[in-house]
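Here the structure is laid out as structure tokens; the discussion comes afterwards.
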Amino acid sequence: MLRMSTLFLRTLRDDPSDASVASHRLLVRAGYVRPIAAGIFSWLPLGVIVLRNVERIVREEMDRAGFQQVHFPALLPKDPYEESGRWDEYGPTLFRLKDRKGADYLLGPTHEEMFTLMVKGEYSSYRDLPLHIYQIQTKYRDEARPRSGIIRGREFVMKDSYSFDLDDAGLEVSYQKHRLAYISTFDRLGLKYNIVSAMAGAMGGSKSEEFLAPCPTGEDTYVLCKKCGYAANVEAMTTVVKNKDLETPPAIEVLDTPNTPTIETLVEVMNKKYNANIGAADTLKNVLLLADGEPICILVPGDREVDLKRVEANLPGVKEIRLFEDEDFAKRKEFVKGYVGPQDAKKFGIKLYADPRITVGSHWITGANIKDRHARYVTHGRDFQVDGFVEAAEVREGDACPNCETPVVIDRAIEIGHIFQLGRKYAEALKLTVLDAAGKSRTVTMGSYGIGVTRAVAAIAEQNHDEIGLVWPKEIAPALVHIVATGKDERPFEVAESIAIELENKGITVLFDDRKEASPGVKFKDAELIGNPMLVIVGKSLADGNVEVRDRKSGSKEEVPVGSVVSQLINLLK
RNA sequence: CGGGGCGUAGCGUAGUGGCUAGCGCGUCUGCUUUGGGAGCAGAAGACCGUGGGUUCGAGUCCCUCCGCCCCGACCA
């Protein structure tokens, strides 16, 4: 039993000034956590209980699925990460340190290497597979910008698991097993979430899904169709293409369009000078990018921006892209900033990638590759050919759902879990092979699955609070029942204590506010702030042999005879 | 890393270049009070983030660095 009189806890009357999101604000105010440095927190007793509860549920569900727990150090030598290439790839996000001898170490940001090497060290036959192992470990990432309190810290607890299979079919089975285990985990955690496809299937690449907990302070945006349930990461959203311009357009016509470096000015001049009656959507925007140093051109309708994240996610094999800058234009004089068009791409030796909306046969008003001039009737397939289609244009609320064409909504969420088919990247780099039935050496294929444990605490807090405090789901709360004794006499305290003891004997956890010196108001405020599911008040109505039972979430109150309160609570908490 | 904001007691804050840095909450002592963050009296608690400068005089003005928060870039 937790007792407020001795609990190491100090609640704050005011919101901490540097906390803006609800979970951060309330977890600090209610005394669950304390900030130590940017993105680094200490956990106080109540916080530890909540964190352990989340951990326990995650562990129970992993174990139930037959996965086995292991534990790696957080402090790791450089070698495995050098071998996998991530010592260099990870960049400044990796916390690096040296020991007294000057040898390089790191604080693990994620443990693919260690899992791979551990399996390599123990297993060598296909008959040992499939294998699923997991750990719950503190991870370290020197984020460029930690934010939103617990949601994105530099130190955080994560459950990460890995599956090892001989072939793709096995990997798919392992993936589905994990997917089901995640569904039961997040259901038990009391989280609302959507399972969102995280990579465009059409473009190949590994299968990957994210578990997103919707909430306004989330930092991930995703697309949701309220009719058919389609949900996708913005990067993975696919475009429904409508054919336009079915009739054959006239030949290209080059027009004088002085001072029209932007779509907006172009539309204005076209309409005023040429009575064109067009909108931004009738123009073609040509955005020059450097993809791993090579210039490419992305075509999107003029009314849409290019979403660089979508381009990057959908251009296979490209590691880094960035926009052309003034100095790049200076080097390549053939590209006239503000007047770029696709019709000379071959001549310029540049690759074209078109958003799917730029259908073959469609014609556009676009740059003439000459300053102050634009061209119209520039037709895809006749006047230019593209090297490929790529999902490039920004996704907007109201765009058509790829399944049912209903307008989609765009929502924000916290990524609480991620499952994906890793493939052979690490197995290859670290040479994890087994002998198959024919005695031939085969590289193992892996799946990687993560749950942000500390982040889940924050997400639960985000989804379960009101103006006055936290409202924990049953399995997460520090205690199921919060008992407040009021009044000056001994009797309410004695009655409250006996109720508490009886509840604990029945397996119901209790936080008993047994403070004599605190006023009733203080106790009520603290109870609401801390947010246990049920509140029992022993005081005034004791004269009639009653106590008050309140539901934190609904706010409903009920007078219950002392004798039946325990059985009533057991009922309510079922 | 770019842009913005902010560093004054445990928390929230006030402080035209001029006395001993003020207030609320919390903490401690005593009395009083017990169904909505009680009342009275008293007390402790501050290197005003750091270093430098301007000035007769700096919490206040200037510069450096550090830290924190927000937006963006970034983020298995």
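Only this structure's heavy atoms are used, side chains among them; waters, hydrogens and symmetry mates stay out. First the proteins, then the strands, lettered A, B, ... as listed; each starts at 1.
If you check every strand for non-hydrogen atoms under 4.0 Å, A/Ala38 touches sugar and phosphate atoms only. Within 4.0 Å (heavy atoms only), A/Ala19 reaches no atom of the nucleic acid at all. Across all strands, A/Lys425 comes closer than 4.0 Å to no nucleic acid atom at all (heavy-atom distances). Among the protein residues, A/Lys523 comes within range of no part of the nucleic acid, since none of its heavy atoms lies under 4.0 Å from any strand. Within the nucleic acid shown, A/Glu219 has no heavy atom closer than 4.0 Å to any nucleic acid atom.
Among B/rA73, B/rG35, B/rA38, the nucleotide with an atom closest to any side-chain atom of A/Arg145 is B/rA73. Residue A/Thr11 has its side chain nearest to B/rG37 when only B/rG35, B/rG37, B/rC68 are considered. Among the nucleotides B/rG26, B/rG36, B/rA73, the one closest to the side chain of A/Phe524 is B/rG36.
In this pair, A/Phe72 and A/His111 present their aromatic rings parallel. The plane angle is below 30°, not in the 30 to 60° band. Taking the six-membered ring where tryptophan is involved, the planes of A/Phe186 and A/Tyr193 are tilted, since the angle between them lies from 30° to 60°. Using cut-offs of 30° and 60° for the angle between ring planes, the A/Tyr162 and A/Phe164 rings count as tilted.
Near RNA chain B, meaning a heavy atom under 4.0 Å away, there are no residues from residues 74-92 of chain A. In the region residues 530-544 of chain A, proximity to RNA chain B at under 4.0 angstrom, judged on heavy atoms, holds for A/Ile537, A/Gly539, A/Lys540, A/Ser541.
The 5' end of RNA chain B is approached more closely, in terms of each residue's nearest nucleotide, by A/Arg29 than by the other of A/Ile36 and A/Arg29. Taking the nucleotide of RNA chain B with the nearest heavy atom to each of A/Gly521 and A/Pro146, the more 5' of the two is matched to A/Gly521.
A donor-acceptor contact closer than 3.5 angstrom is absent between the side chains of A/Ser197 and A/Glu209.
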Polar atom pairs (N or O), protein with nucleotides 39-41 of chain B, under 3.5 Å:
none

Please enumerate all protein N or O atoms sitting under 3.5 Å from an N or O of nucleotides 8-14 of chain B, with distances to 0.1 Å.
from: B/rG12; atom 1: OP1; to: A/Ser17; atom 2: N; distance (Å): 2.8
from: B/rG12; atom 1: OP1; to: A/Ser17; atom 2: OG; distance (Å): 3.2

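Between the NZ atom of A/Lys557 and the CG atom of A/Leu535 there is a distance of 10.0 Å, given to the nearest 0.5 Å. Annotation: the span from A/Gln463 atom CD to A/Ile416 atom CD1 amounts to 7.0 Å, rounded to 0.5 Å.
Per the geometry, CD belonging to A/Glu548 stands 12 Å off C1' belonging to B/rG36, to the nearest Å. Atom CD of A/Glu559 is separated from atom C1' of B/rG35 by 11 Å (rounded to the nearest Å). Note: NZ (A/Lys525) to C1' (B/rA38) measures 14 Å, nearest angstrom. Protein atom CZ of A/Arg515 is 12 Å distant from nucleotide atom P of B/rG26, rounded to whole Å. A straight line from CD of A/Glu143 to C1' of B/rC1 spans 14 Å, rounded to a whole angstrom.
Ring centers of A/His24 and A/Phe41: under 6.0 Å apart, within the cut-off. Between A/His132 and A/Tyr134, the gap from one ring centroid to the other reaches at least 6.0 Å. For A/Phe324 and A/Phe329, the ring centers sit closer than 6.0 Å to each other. Taking the six-membered ring wherever Trp is involved, the centroid distance between the rings of A/Tyr175 and A/Phe420 does not fall below 6.0 Å.
The side chain of A/Arg147 contributes an N or O atom lying less than 4.0 Å from OP1 or OP2 of B/rG72. Phosphate contact (OP1/OP2 of B/rC69, side-chain N/O of A/Ser20, threshold under 4.0 Å): absent. Here A/Lys488 reaches the OP1 or OP2 of B/rU33: one of its side-chain N or O atoms lies under 4.0 Å away.
No cation-pi contact links A/Lys98 to A/Tyr105, judged by a cut-off of 6.0 Å to the six-membered ring centre and 45° from its axis. A cation-pi arrangement, defined by a distance under 6.0 Å to the six-membered ring centre and an angle within 45 degrees of its axis, is absent between A/Arg552 and A/Trp472.
A donor N or O paired with an acceptor N or O is found under 3.5 Å between the base of B/rG36 and the side-chain atoms of A/Glu528. In this model, a side-chain donor or acceptor of A/Arg550 finds a partner on the base of B/rG36 within 3.5 Å.
A/Arg550 pairs in a salt bridge (Lys or Arg N to Asp or Glu O under 4.0 Å) with only one of the listed residues (A/Glu559, A/Glu558, A/Glu528), which is A/Glu528. Just one residue in the list A/Arg10, A/Arg515, A/Arg13 forms a salt bridge (Lys or Arg N to Asp or Glu O under 4.0 Å) with A/Asp526, and that residue is A/Arg515.
Between the C1' atoms of B/rU32 and B/rG49, the separation comes to 42 Å (whole Å). For the C1' atoms, the distance from B/rC62 to B/rG22 is 27 Å, rounded to whole Å.
For A/Glu264, the side chain to side chain donor-acceptor pair (under 3.5 Å) criterion is met by no residue, not counting sequence neighbours.
Within the 4.5 Å cutoff, the side chain of A/Leu511 has no heavy atoms near those of the A/Val481 side chain.
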Using the side-chain contact (heavy atoms from CB on, under 4.5 Å) rule, take A/Leu432 and A/Thr443 through it: C-alpha gap first, then chi angles, then the decisive distance, then the call. CA-CA 6 Å; A/Leu432 171 59; A/Thr443 301; 5.9 Å; no

Secondary-structure notation, RNA chain B, from Watson-Crick and G-U pairs under 3.5 angstrom (| other strand): (((((((..((((....[...)))).(((((.......))))).....(.(((..]....))).))))))))....

